[in-house]
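A short worksheet on the structure shown next.
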2 protein chains.
Amino acid sequence: MRKKDSAVLTNAVNSLKDIMQMLTPEQQEELKDNLYIQHFKKNETLYREGEVPEMFHCLISGKVKVYKDGIGGRTQIVRVIKPVEYFGYRAYFANQNYVTSAAAFEASTVCLIPVEILERWMMKNNQLALFFIRQLAIEVARSDQRTVNLTQKHIRGRLAESLIFLRDNYGLEEDGATLSIYLSREDLANMSNMTTSNAIRTLSAFAQEKIIAIDGKKIKIIDGDNLERINKIG
Amino acid sequence: MRKKDSAVLTNAVNSLKDIMQMLTPEQQEELKDNLYIQHFKKNETLYREGEVPEMFHCLISGKVKVYKDGIGGRTQIVRVIKPVEYFGYRAYFANQNYVTSAAAFEASTVCLIPVEILERWMMKNNQLALFFIRQLAIEVARSDQRTVNLTQKHIRGRLAESLIFLRDNYGLEEDGATLSIYLSREDLANMSNMTTSNAIRTLSAFAQEKIIAIDGKKIKIIDGDNLERINKIG
DNA sequence: TCTTTTTTATGCTATTCAACATGTTTTTGT
DNA sequence: ACAAAAACATGTTGAATAGCATAAAAAAGA
């Protein structure tokens, strides 16, 4: 798990620059001494619901999902992480065990810091504390919005929203149309609160309507305006 | 809006004691000088989606709902406040306008503090900052859990959950069975992600099954164990 | 108090979506 | 390269729930 050749360290520290610049020089040194790098393979689990949260996570490269296992084997993806974003620390500050699990969509590299250290810094560094207040405050709004979207939108609208989100979050390939993330239909379903069957069906429908083009896991957005329209109305 | 006879002030300050005890004597004085009391009638709006958040709210008495207006006139209640709880400050720390609205279920009294002052205190008072980190971190988990409950549970399970929540949150009357809050069927539906028709129908079903007894807006829980069972499985 | 409006109740219908079945294609592991 | 497993595709069916209509009851206002 531990890996600290200077190139990796420099990369990690660079990824943490939002946080770094809020720290005193001594704190910056302490961070470097307590920073771990971990690699995860595709579909590998980073942490699981019920576990004790000890590490603050920063995604350096790759793509990660945060999800809740629900009723009857169903799963809801509640957050999707891109580099460089922070995650896996909420439960610690709420004095809870993890209430979500996290897994890698694809091969990913994560930088870990004992969150207890971060908390200690926050006791002395208000800028840092306010940074996390802001992060969490934004996350509450996102989660509430997701609740409404997932409960009130129809299936086509929910899928359209997920596709738009993936485009905006992870971007497009060089052709300016193909989603940079290759998700399974199941993951797409778990983002959009629907069964895998319906994700497949609805994707096919979108393809037939020339809104998207599908080639296995590759999804190309052809008519983005239409997708936005479906997201809004349906 | 402003009301500061000493009895009211004492009451308000007492309600804020969680926060008060984290403040320096000077800050406590400043709080008393910048504290407003406002009364709201039943169904009156405290704030609306889109407005600029300026005040930190503390509910002193009464009952308040926080909700989002969604698609096609539908509404989702995302939070339910009881005395003494804090609310209406999240948007400020996220640098957003309000993304929810708040209204009084019944006649309520609220204590208001300019949230800008609170933020200023947080810059100097880490205990206070960590207190709000904790509040927000808990709220994120609640919201994620709500997403899963509202999307994955069946209609009976969702209603059972709302009834249990109302019992646990607002308590029971002296008979040890009747919910202390008298909600309209519409509000109950808006908590439980269903139409008013279905809230009425499902309540009637519960009553016929002797799980509850209904007398207008009065709801008496007869078979709490059964309600828990329905919440869990259904 | 009387009228008007809102809320509650219940039945019927239409729609959405999940469940299941089956076959095909793709991926994975050896 | 091949077998086994997983993911994808598509059709059919049925259950869950929204939508609408109507009427009764309750609450709000004048």
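To find a chain, count down the sequence lines: A is the first, B the second, and so on, and within it residues start at 1.
Scored by the side-chain hydrogen bond (donor to acceptor under 3.5 Å, both in side chains) test, A/Ser180 finds no partners at all (sequence neighbours excluded). B/Ser184 meets the side chain to side chain contact (heavy atoms under 4.5 Å, CB included) test with B/Glu186, B/Asp187, B/Lys217; sequence neighbours excluded. In this structure B/Ala107 satisfies the side chain to side chain contact (heavy atoms under 4.5 Å, CB included) test with no other residue, sequence neighbours excluded. By the side chain to side chain contact (heavy atoms under 4.5 Å, CB included) test, B/Lys232 pairs with no residue at all, sequence neighbours left out. Scanning for side chain to side chain contact (heavy atoms under 4.5 Å, CB included) contacts around B/Asn198 gives B/Ile155, B/Met194, B/Thr195, B/Arg201, with sequence neighbours left out.
Residues of residues 69-81 of chain A that place a heavy atom closer than 4.0 Å to DNA chain C do not occur. Annotation: proximity of residues 195-220 of chain A to DNA chain D (heavy atom, distance under 4.0 Å) is found for A/Ser197, A/Ile200, A/Arg201, A/Ser204, A/Lys217, numbered in ascending order. Remark: A/His154, A/Ile155, A/Arg158 in residues 149-159 of chain A come within less than 4.0 Å of DNA chain C through at least one heavy atom.
Within the helix from C/dT1-D/dA30 to C/dT30-D/dA1, the inter-axis angle between the opening and closing five-pair segments is 70°, rounded to 10°.
Sorted by first and then second residue, the side chain to side chain donor-acceptor pair (under 3.5 Å) pairs with a member in residues 155-167 of chain B read B/Asn149-B/Glu161, B/Lys153-B/Glu161, B/Arg156-B/Glu209, B/Ser162-B/Ser192, B/Arg167-B/Glu228; sequence neighbours excluded.
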Under 3.5 Å donor-acceptor pairs involving side-chain atoms of residues 74-82 of chain B, not counting sequence neighbours:
residue, atom, partner, partner atom, Å
B/Arg74, NH2, B/Asn193, OD1, 3.0
B/Thr75, OG1, B/Asp69, OD1, 3.1
B/Gln76, NE2, B/Asn190, O, 3.1
B/Gln76, NE2, B/Met191, O, 3.3
B/Arg79, NE, B/Glu139, OE1, 3.4
B/Arg79, NH2, B/Tyr86, O, 3.3
B/Lys82, NZ, B/Glu85, OE2, 3.2
B/Lys82, NZ, B/Asn169, OD1, 3.2

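Taking atom NZ on B/Lys42 and atom P on C/dT6, their separation rounds to 14 Å, with Å as the unit. Distance B/Glu186 CD to C/dT6 C1': 10 Å, rounded to the nearest Å.
Using bins of under 30°, 30° to 60° and over 60° for the plane-to-plane angle, the ring pair A/His57/A/Tyr98 lands in the perpendicular bin.
Pairing each heavy atom of A/Thr45 with each of A/Phe40, the nearest pair is O-CE2, 3.6 Å.
If you walk DNA chain D from 5' to 3' and mark each nucleotide with an atom closer than 4.0 Å to a heavy atom of chain A, the marks span D/dA7 to D/dT12.
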